[in-house]
Amino acid sequence: MSEQVANDFLQLVRYGLRSADDPHIVASVKVMDGVLKTDTPSGPVWHRYNGDGYGEHADGSPFDGTGIGRGWPLLVGERDHYALAAGEDALPYINAMVAMTGKGGLLPEQVWDAAPIPEKGLFPGHPSGSAMPLVWAHGEFVKLCHSAVRGTPIDRPANTWKRYQGKVPKIDYRLWRLRQRPRQLLVGQELRVLLQAPFTLHWGINGWQSVQDTDSEDWGLGHVVLLPVQKLSAGNSVQFAIQKQGGKAMAPPPAQRSDSPRNPSSPGLPLSCAMPQEV
């Protein structure tokens, strides 16, 4: 395969940024399970990513800078947190992690996931020669058990969930910066002009009609002007020039023109600026 597959995207669900049934997440889980999952007598286990070389060799000899990445019980816990969010039973995954412990009840970094090699003490679904205990895996197991009782991920940030609740945010504005110069707005969008230093925006609509000057606001991470153009309909245009506060121009005088939209058939508002438009 030429594409890298890993399970990092599961955190989008765990932390409340996407829902478990988001089509992109569901499709990614299907690919992840198909590429990274291995079934063992202890239960399913997942690899970090395809092509991982951190693990014992095929003959069971130790990792020596090269090898074959094996299954990680830690990732069983991460996969189960997704299963929990998707309404599945968490218990089979918890039982799998328990079955993958060593004789002392400690969770290893990796378990053997190939044919048994008894003379080297390697059996499918049981600790390989990797580090044990992996405290990270123990922490994941504790969180998983707590999450299963509560019904939601115990480490999901409350404020993140309050804001997103697993839903893709709808952006109702378009950002214009010196390095990001859109030529068109969607109807109903607000235009936000963002620069690093304070500035005044000299702007108008439909060929410099209804001209206004608006000073930027300091938002901490930059200086912003909000243009209330949401009520303009398709076919209208917005023009603006940027000046330093105090009257010194940061750009040539306003050009009496309106750039054509990339897709004339789409409902949008053409923008123009006195600065070169290189989009």
Side-chain angles (χ1 to χ4, degrees), residues 5-50 52 54-55 69-113 123-128 130-169:
V5 176
N7 76 338
D8 309 64
F9 67 92
L10 294 178
Q11 306 306 318
L12 295 173
V13 176
R14 183 165 175 169
Y15 296 151
L17 296 171
R18 293 292 185 273
S19 63
D21 60 357
D22 181 288
H24 295 95
I25 296 293
V26 172
S28 298
V29 169
K30 185 179 296 185
V31 172
M32 179 194 71
D33 285 349
V35 175
L36 303 180
K37 175 185 171 184
T38 298
D39 289 314
T40 76
S42 298
V45 67
W46 281 261
H47 299 79
R48 294 192 301 175
Y49 52 87
N50 51 321
D52 187 3
Y54 176 55
R70 305 295 170 179
W72 289 58
L74 164 71
L75 301 183
V76 178
E78 293 190 1
R79 177 63 174 79
D80 194 12
H81 271 96
Y82 169 77
L84 185 66
E88 301 175 22
D89 184 5
L91 191 57
Y93 298 87
I94 292 174
N95 289 338
M97 292 186 74
V98 171
M100 292 175 187
T101 59
K103 292 182 179 180
L106 301 178
L107 280 165
E109 179 188 71
Q110 301 178 46
V111 295
W112 187 248
D113 55 6
F123 299 92
H126 294 280
S128 64
S130 61
M132 187 171 67
L134 183 67
V135 179
W136 184 9
H138 280 263
E140 181 69 7
F141 180 77
V142 171
K143 288 191 291 184
L144 177 58
C145 292
H146 196 161
S147 297
V149 171
R150 197 172 79 163
T152 57
I154 189 64
D155 55 359
R156 184 175 66 193
N159 288 336
T160 303
W161 177 252
K162 181 179 179 180
R163 178 172 183 177
Y164 295 101
Q165 297 188 33
K167 300 176 183 178
V168 179

Asker: Which pair of heavy atoms, one from Gln110 and one from Ser130, lies closest together, and at what distance?
Answerer: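 The pair with the smallest heavy-atom distance is N-OG, 2.9 Å.
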Asker: Identify the two heavy atoms, one from Pro133 and one from His138, that lie closest to each other, and give their separation to 0.1 Å.
Answerer: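 Nearest pair, atom of Pro133 first, then His138: CB-NE2, 3.7 Å.
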Asker: Can you name the closest pair of heavy atoms from Lys162 and Gln165 and give their distance?
Answerer: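 Distance-wise, the nearest heavy atoms are O-NE2, 3.7 Å.
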Asker: If we ignore hydrogens and angles and just use 3.5 Å, is the side chain of Tyr164 paired with the main-chain N or O of Pro169 as donor and acceptor?
Answerer: no
Asker: Does Leu107 form a side chain to side chain contact (heavy atoms under 4.5 Å, CB included) with Trp136? I'd like the steps, not just the answer.
Answerer: CA-CA 9 Å; Leu107 280 165; Trp136 184 9; over 6 Å; no
Asker: Given 3.5 Å as the limit, does a donor-acceptor pair link the side chain of Thr38 with the main chain of Val45, or not?
Answerer: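 A pair under 3.5 Å: no.
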Asker: Below 4.5 Å, heavy atoms only, C-beta onward: do Asp22 and Val168 meet side chain to side chain?
Answerer: yes
Asker: Does Arg150 have more than 12 heavy atoms from other residues, nucleotides or ligands lying within 6.0 Å of its CZ?
Answerer: yes
Asker: Starting at CZ of Arg48, measure out to CG of Asp52 and round the result to the nearest 0.5 Å.
Answerer: 4.0 Å
Asker: Just do the side chain to side chain contact (heavy atoms under 4.5 Å, CB included) check on Arg14 and Tyr82 with the steps written out, would you?
Answerer: CA-CA 6 Å; Arg14 183 165 175 169; Tyr82 169 77; over 6 Å; no
Asker: How far does CZ of Arg70 sit from CG of Asp113, to the nearest 0.5 angstrom?
Answerer: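 Arg70 CZ to Asp113 CG: 5.0 Å, rounded to 0.5 Å.
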Asker: Looking only at heavy atoms, what is the nearest atom pair of Ser147 and Pro153, with distance?
Answerer: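 Looking at all heavy atoms of both residues, the closest pair is OG-CA, 3.5 Å.
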Asker: Got a second to check how far Met100's CE is from Phe141's CZ, nearest 0.5 Å?
Answerer: 11.5 Å
Asker: For Leu106 and Met132, work out which heavy atoms get closest and say how close.
Answerer: O-SD, 3.6 Å
Asker: Could you check Arg79, Glu78, Lys37 and say which one makes a side-chain hydrogen bond (donor to acceptor under 3.5 Å, both in side chains) with Asn7?
Answerer: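 Among Arg79, Glu78, Lys37, the one that satisfies the side-chain hydrogen bond (donor to acceptor under 3.5 Å, both in side chains) with Asn7 is Glu78.
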Asker: Show, in sequence, the C-alpha distance, side-chain angles and deciding distance for Ile154 and Val142, and conclude whether the side chain to side chain contact (heavy atoms under 4.5 Å, CB included) test is met.
Answerer: CA-CA 10 Å; Ile154 189 64; Val142 171; over 6 Å; no
Asker: Any donor and acceptor pair, going by atom type alone, linking the side chain of Glu140 with main-chain N or O of Pro73 inside 3.5 Å?
Answerer: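 No.
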Asker: With the side chain counted from C-beta on, respond yes when Trp161 and Thr152 share a heavy-atom pair under 4.5 Å apart, and no when they do not.
Answerer: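 No, every pair of side-chain atoms sits at 4.5 Å or beyond.
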Asker: Roughly how far, to the nearest 0.5 Å, is CG of Asp80 from CD1 of Ile94?
Answerer: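 With rounding to 0.5 Å, CD1 (Ile94) is 5.5 Å from CG (Asp80).
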Asker: Before giving the answer on side chain to side chain contact (heavy atoms under 4.5 Å, CB included), spell out for Tyr15 and Asp155 the whole-Å C-alpha distance, their side-chain angles and the decisive distance to 0.1 Å.
Answerer: CA-CA 8 Å; Tyr15 296 151; Asp155 55 359; 4.2 Å; yes
Asker: Within the structure provided, determine whether Trp112 and His126 are in side-chain contact (heavy-atom separation under 4.5 Å).
Answerer: no
Asker: Is there a side-chain contact between Asp39 and Pro44 (heavy atoms, below 4.5 Å)?
Answerer: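 A side-chain contact exists here, since the closest heavy-atom pair is under 4.5 Å.
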Asker: Could you grab the distance from atom CH2 of Trp46 to atom CG of Leu74, nearest 0.5 Å is fine?
Answerer: 12.0 Å
Asker: What pair of heavy atoms forms the shortest contact from Ser19 to Val13, and how long is it?
Answerer: O-CG2, 3.8 Å
Asker: Starting at CD1 of Ile25, measure out to CG of Leu17 and round the result to the nearest 0.5 Å.
Answerer: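 The CD1 atom of Ile25 sits 9.5 Å away from the CG atom of Leu17.
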